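Indexing begins at 1, ligand by ligand and atom by atom, following the structure's order. What you see below is based on every heavy atom in this structure, not just the backbone, and it leaves out hydrogens, waters and symmetry mates. Bear in mind that the values here come from a model prediction, so they are computed numbers and not experimental data.
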Amino acid sequence: FLAAFAFNTPVFAAKPLVIGFSQVGAESEWRTANTVSIKDAAKKDGITLKFADAQQKQENQVKAIRSFIAQRVDVIAFSPVVESGWDTVLREAKAAKIPVILTDRAVNVSDPSLFATFIGSDFVEEGRRAGRWLLERAKKTPDTVINIVELQGTVGSAPALDRKKGFEEVIAGNPKLKVIRSQTGDFTRAKGKEVMEAFLNAEGKKINVLYAHNDDMAIGAIQAIEEAGMKPGKDIVVISIDGVKGAFEAMIAGKLNVTVECSPLLGPQLMQLARDVVANKPVPKRVVTQEGVFPAEVAAKEFPNRKY
Ligand code: GYE
């Protein structure tokens, strides 16, 4: 009887779910909020989270995923720093029968069965939204050429590739809109500032608009613009993506013109998907985050509602 009871025990003592999560890094305000969201949601749901910070390096993510496989976690989740180069390690996870959930950024793999689901924003649409805002604004000055400089995100990352693509697609509708310089600022404030300084040195007053793939690079660039003796938000129109608090502060100060929202608050949905995947419940292959656009005119009113 005792032996039978002991044998049955695991059924009654619910074993907490173990998720191995490989995060991109801590490059931006967005990323910090994303990490907090994931850690908080795991804690709230009693899920054991093994968290690894890859410091924006794919090799570190591959190592982390291999270590999660060796530890036999229940689910592997990760936000891939770049899109390509994941086939081998994801095949290893599949062979070990550990389901993989992608969060935030997409991968480019030949076999879609290498991951169970992908939760995150539509980055092409974000780029289009940034482009549409500019297209509207440009209608006020139909005869003037508008020179744009672009600060791209991390080279090879889904948000950098897609935000570039969506923006280009839309501004192609107006031949007066011209991207005269485009370079990566790696999604950080420091790099955003440095590259903007180079843009200003090369093009100076020719620059009418800055399109930054995230708020942090825009905030760094705003500093560079001020140091060059120009007024960000006026002499140079500044457009960025994410909608972090720092962007709202910059809009309220009149230095940023618009931010396109990209929500980092993916934690609760990730935990739900992880439970469903482990329970063999069907999950959608793609879960798209819902988000809006916030021009400077609404910044002060919206600021108290912002959660990241
Ligand atoms: O926009 C940027 C971060 O992948 C959506 O990464 C994310 C991007 C976000 O560094 O701020």
Side-chain angles (χ1 to χ4, degrees), residues 21-38 53-58 60-61 77-84 86 101-108 115 118-131 150-167 183-193 195-196 210-222 238-250 256 258-267 269-270 286-294 306-308:
F21 183 76
S22 168
Q23 180 59 294
V24 168
E27 73 283 3
S28 64
E29 235 184 284
W30 189 100
R31 189 65 54 196
T32 309
N34 181 245
T35 294
V36 170
S37 172
I38 288 163
D53 176 336
Q55 300 184 315
Q56 297 238 69
K57 292 205 177 75
Q58 183 174 34
N60 292 343
Q61 290 202 297
F78 78 116
S79 175
V81 58
V82 291
E83 272 189 348
S84 57
W86 297 105
I101 299 178
L102 303 176
T103 76
D104 161 33
R105 298 184 181 179
V107 294
N108 202 340
F115 61 90
F118 164 36
I119 171 182
S121 307
D122 180 342
F123 300 136
V124 178
E125 182 54 26
E126 289 171 352
R128 287 191 197 115
R129 286 177 181 162
E150 179 181 34
L151 281 169
Q152 296 180 36
T154 301
V155 176
S157 71
L161 296 164
D162 293 353
R163 287 170 183 173
K164 187 176 194 340
K165 190 172 158 217
F167 184 78
Q183 213 177 298
T184 181
D186 217 11
F187 281 132
T188 69
R189 286 189 190 201
K191 263 299 198 99
K193 179 167 188 247
V195 177
M196 189 66 201
L210 162 66
Y211 168 46
H213 289 187
N214 81 341
D215 292 335
D216 284 73
M217 292 190 294
I219 291 165
I222 283 171
V238 186
I239 303 169
S240 64
I241 300 183
D242 276 355
V244 297
K245 284 197 175 127
F248 278 78
E249 280 158 4
L256 177 74
V258 63
T259 186
V260 174
E261 186 180 33
C262 175
S263 176
L265 309 178
L266 307 177
Q269 274 173 297
L270 169 61
R286 177 78 170 99
V287 182
V288 183
T289 319
Q290 299 297 316
E291 29 215 23
V293 177
F294 297 98
R306 301 303 295 165
K307 298 206 166 49
Y308 62 91

Would you say the side-chain atoms of [X] and [Y] include a donor-acceptor pair closer than 3.5 Å?
X	Y	value
E150	H213	yes
S84	N108	no
S22	Q61	yes

Check your understanding: Between R128 and E125, is the closest basic N to carboxylate O distance under 4.0 Å?
Key -> yes
Subset of ligand 1 atoms that lie under 4.0 Å from at least one heavy atom of [X]:
X	answer
P159	4 (O)
F123	5 (C)
S28	2 (C), 3 (C), 10 (O), 11 (O)
N214	2 (C), 11 (O)

Review point. When rounded to the nearest 0.5 angstrom, what is the spacing between CZ in F187 and CD in Q152?
Key: 9.5 Å
Review point. With a 4.0 Å heavy-atom cut-off (strictly under), which part of C262 contacts ligand 1: side chain, backbone, both or neither?
Key: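 Side chain only; the backbone of C262 stays clear of ligand 1.
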**Study point:** atom 10 (O) of ligand 1: nearest protein contact (heavy atom, Å)
**Key:**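 I find the closest protein heavy atom is E27 OE2, 2.5 Å.
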Practice item. Can you pull out the closest protein heavy atom to atom 9 (C) of ligand 1? Residue, atom name and distance to 0.1 Å, please. Key: D242 OD1, 3.5 Å
Check your understanding: If we only count N/O pairs under 3.5 Å, is R31 in contact with ligand 1?
Key ->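 Yes; the residue has a nitrogen or oxygen that sits under 3.5 Å from a nitrogen or oxygen of the ligand.
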Review point. Below 4.0 Å from any atom of ligand 1, is there a heavy atom belonging to D104?
Key: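 Checking ligand 1 against D104, which is what was asked, there is a heavy-atom contact under 4.0 Å.
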**Study point:** Side-chain touch R105/S157, heavy atoms, less than 4.5 angstrom
**Key:**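 Yes - at least one pair of side-chain heavy atoms lies under 4.5 Å apart.
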Point to revise | Shortest heavy-atom approach to atom 6 (O) of ligand 1 - which of E29, R163, Q56, R105 | key: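 Checking each option, the heavy atom nearest atom 6 (O) of ligand 1 is found in R105.
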Point to revise | Test applied, side chain to side chain contact (heavy atoms under 4.5 Å, CB included); reference residue, I219; option that passes from K193, E249, R189 | key: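 Among K193, E249, R189, the one meeting side chain to side chain contact (heavy atoms under 4.5 Å, CB included) with I219 is R189.
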